[in-house]
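Residue numbers begin at 1 in each chain, while the letters A, B, ... track the order of the sequences. No hydrogens, no waters, no symmetry mates; every other heavy atom, side chains included, goes into these values.
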2 protein chains.
Amino acid sequence: MPDIKHFNPDVVLDDVVRVFWRQGMPTTGIQALVTATGVSRSSLYATFGNKDGLYAAALSRYIEQHSTPAFAQLSAAPSGLTSIEEFFAGLIHIRCHGEIAGWGCMVTNAHAGPECSDPTIRTLLDEHHRTLESALRAALATASHLGQLRPSVDLDTAAAVLATLAYGVNLRSRAGAEAETLTATVSAALAPLRARHRATPQEESPT
Amino acid sequence: MPDIKHFNPDVVLDDVVRVFWRQGMPTTGIQALVTATGVSRSSLYATFGNKDGLYAAALSRYIEQHSTPAFAQLSAAPSGLTSIEEFFAGLIHIRCHGEIAGWGCMVTNAHAGPECSDPTIRTLLDEHHRTLESALRAALATASHLGQLRPSVDLDTAAAVLATLAYGVNLRSRAGAEAETLTATVSAALAPLRARHRATPQEESPT
DNA sequence: CCTATCTCGGAACGGTCATTCCAAGATAGG
DNA sequence: CCTATCTTGGAATGACCGTTCCGAGATAGG
């Protein structure tokens, strides 16, 4: 009987994500979202409740579309430290070049705004953080099996260091940090994890 | 001849800092600042120009009052790696305990907001970053002279890693990260810098 | 075709935003 | 004391905020 929705909420959400991502939550008005999506106020409110719900849905969509695929790829990557280097190289490239350069990471940005007081948002941030850490941990485990790591490296804390570093990279990219600088920094953070010389995989290296 | 200002701008600015720090720039209205400072709109505008000028002055004051002293102490600290550990321990404690727990760092927060597009703010952020890096570099140089560092450690990039990590710590503290977790992360980042055993410094030091 | 039920566009609402303006108060040289 | 000059408190302004409401349009079962 009833009428059916005239738009695809996920597609609309992709537009909403871009606006919130670029401008931040408090700076973005509903009118800007109406303009960006082409969907009227009524429909946005009917679908997402209110601005907070809209932002929460957008952040969730961002994680699903941008973070999760990258983390999954990192988790499953077979080349250990090289995969981690590639992960950071891709991250830095996207933060510093192209259309969305200077936008930073929407999740990282959410940490610094008032939205992170919201329990719903807080949950998304924590889940994102855990997922990032375990993806890094998985890649480090692969590296360990490949004999790329010093035996002294603790996988959990090393993953925590790299995850925390990633937030710093995202943040500094917003202030115009140079890609080369960020790359050098990441490289310096990875260097001490690396086994001194080539090691025979599966069996560990001397000392 | 003229009347004289009835308040001390720096004292007022300290109140303004607290509001901007806790609530962020876009979320804070002028009325909130009038209430917090006890100074009327007219006087705030006459003294600081507009909201952007007020925020810029507050951020500058924050750096002067909070960042600079901590960085100066770190720069001049005599105990090398121990001083760096103490710097991070103090940072984490202030971020996670007491009245201002969960506020994060005002400079770190400024990175993620729309205010970092403002050239004036951008300059403050860059200067803050350079100062933080060189303070860490100075402390690392001290550690190096004390023989606490592996010879392979590059002071500049190691300082960059630790500075970037500090931003991550500040960010995650806002989302309720536990102090112990952050401490363990920092500790894991410092561990690989440390010389394997006690080394004989050029001047030896006990411990 | 008819009608119940939902969606949609846009107007309308009260509140708050940053900013300006003005009259009253304070100051200090004459 | 007088007055020129600045500061101050508070009202006024126009724009925009998030949200609600309503009439019109679309849909699909009967």
How close or far is atom [atom2] of [N] from atom [atom1] of [X], stated in whole angstroms?
{"X": "A:Ile30", "N": "C:dG10", "atom1": "CD1", "atom2": "P", "result": "17 Å"}
{"X": "A:Gln31", "N": "D:dC17", "atom1": "CD", "atom2": "P", "result": "8 Å"}
{"X": "B:Ile4", "N": "D:dT8", "atom1": "CD1", "atom2": "C1'", "result": "14 Å"}
{"X": "B:Asn50", "N": "C:dT19", "atom1": "CG", "atom2": "P", "result": "5 Å"}
{"X": "A:Phe7", "N": "C:dC6", "atom1": "CZ", "atom2": "P", "result": "16 Å"}
{"X": "B:Arg41", "N": "D:dA12", "atom1": "CZ", "atom2": "P", "result": "13 Å"}
{"X": "B:Tyr55", "N": "C:dT19", "atom1": "OH", "atom2": "C1'", "result": "20 Å"}
{"X": "B:Leu44", "N": "D:dT7", "atom1": "CG", "atom2": "C1'", "result": "12 Å"}

Note the angle between the end axes of the helix from C:dC1-D:dG30 to C:dG30-D:dC1, five pairs defining each, rounded to 10 degrees.
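Terminal axis comparison yields 0°.
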Could you tell me whether the side chain of A:Thr35 and the main chain of A:Gln31 form a donor-acceptor pair under 3.5 Å?
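The answer is yes, because a donor-acceptor pair under 3.5 Å joins these two groups.
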Counting the atoms with a prime plus P, OP1 and OP2 as sugar-phosphate, which does A:Thr28 contact under 4.0 Å by heavy atoms, base, sugar-phosphate, or nothing?
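Sugar-phosphate only.
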From [options], nucleotide with atom closest to [X] side chain:
{"X": "A:Ser43", "options": "C:dT19, D:dT8, C:dC8", "value": "C:dC8"}
{"X": "A:Tyr45", "options": "D:dT8, C:dT27, D:dT19", "value": "D:dT19"}
{"X": "B:Lys5", "options": "D:dT20, C:dT19, D:dT8", "value": "D:dT8"}
{"X": "B:Ser42", "options": "C:dG10, D:dT19, C:dC21", "value": "C:dC21"}
{"X": "A:Asp3", "options": "C:dA26, C:dC6, D:dG18", "value": "C:dC6"}

When rounded to the nearest 0.5 angstrom, what is the spacing between NE2 in A:His93 and OG in A:Ser173?
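Those atoms lie 13.0 Å apart.
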Under a 4.0 Å N-O cut-off, is there an ion pair linking A:Arg172 with B:Asp126?
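A salt bridge is present here (some side-chain N lies under 4.0 Å from a carboxylate O).
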Are the charged groups of B:Arg61 and B:Asp15 less than 4.0 angstrom apart, N to O?
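Salt bridge flag = no for B:Asp15 with B:Arg61.
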Start with the C-alpha gap between B:Glu99 and B:Arg18, add the side-chain angles, then the distance that decides, and say whether salt bridge (charged side-chain N to carboxylate O under 4.0 Å, His left out) holds.
CA-CA 11 Å; B:Glu99 188 195 7; B:Arg18 295 177 62 84; 2.8 Å; yes
Run through A:Phe20, A:Tyr62, A:Phe48 and flag the one making a ring-ring contact (aromatic ring centres under 6.0 Å, His included) with A:Tyr55.
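Of the listed options, the one satisfying the test is A:Phe20.
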Let me know, please, whether A:His6 or B:Lys51 comes out on the 5' side of the other along DNA chain C by nearest nucleotide.
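In this pair, the answer is A:His6.
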Min side-chain heavy-atom separation [X]-[Y] under 4.5 Å:
{"X": "A:Leu149", "Y": "A:Leu155", "answer": "yes"}
{"X": "B:Cys96", "Y": "B:Leu182", "answer": "yes"}
{"X": "A:Ile63", "Y": "A:Thr68", "answer": "yes"}

Check DNA chain C against residues 10-21 of chain B and give the residues with a non-hydrogen atom under 4.0 Å, in numerical order.
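Close to the strand, none.
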Determine whether the side chains of A:Thr131 and A:Glu127 contain a donor N or O and an acceptor N or O closer than 3.5 Å.
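Short answer, no.
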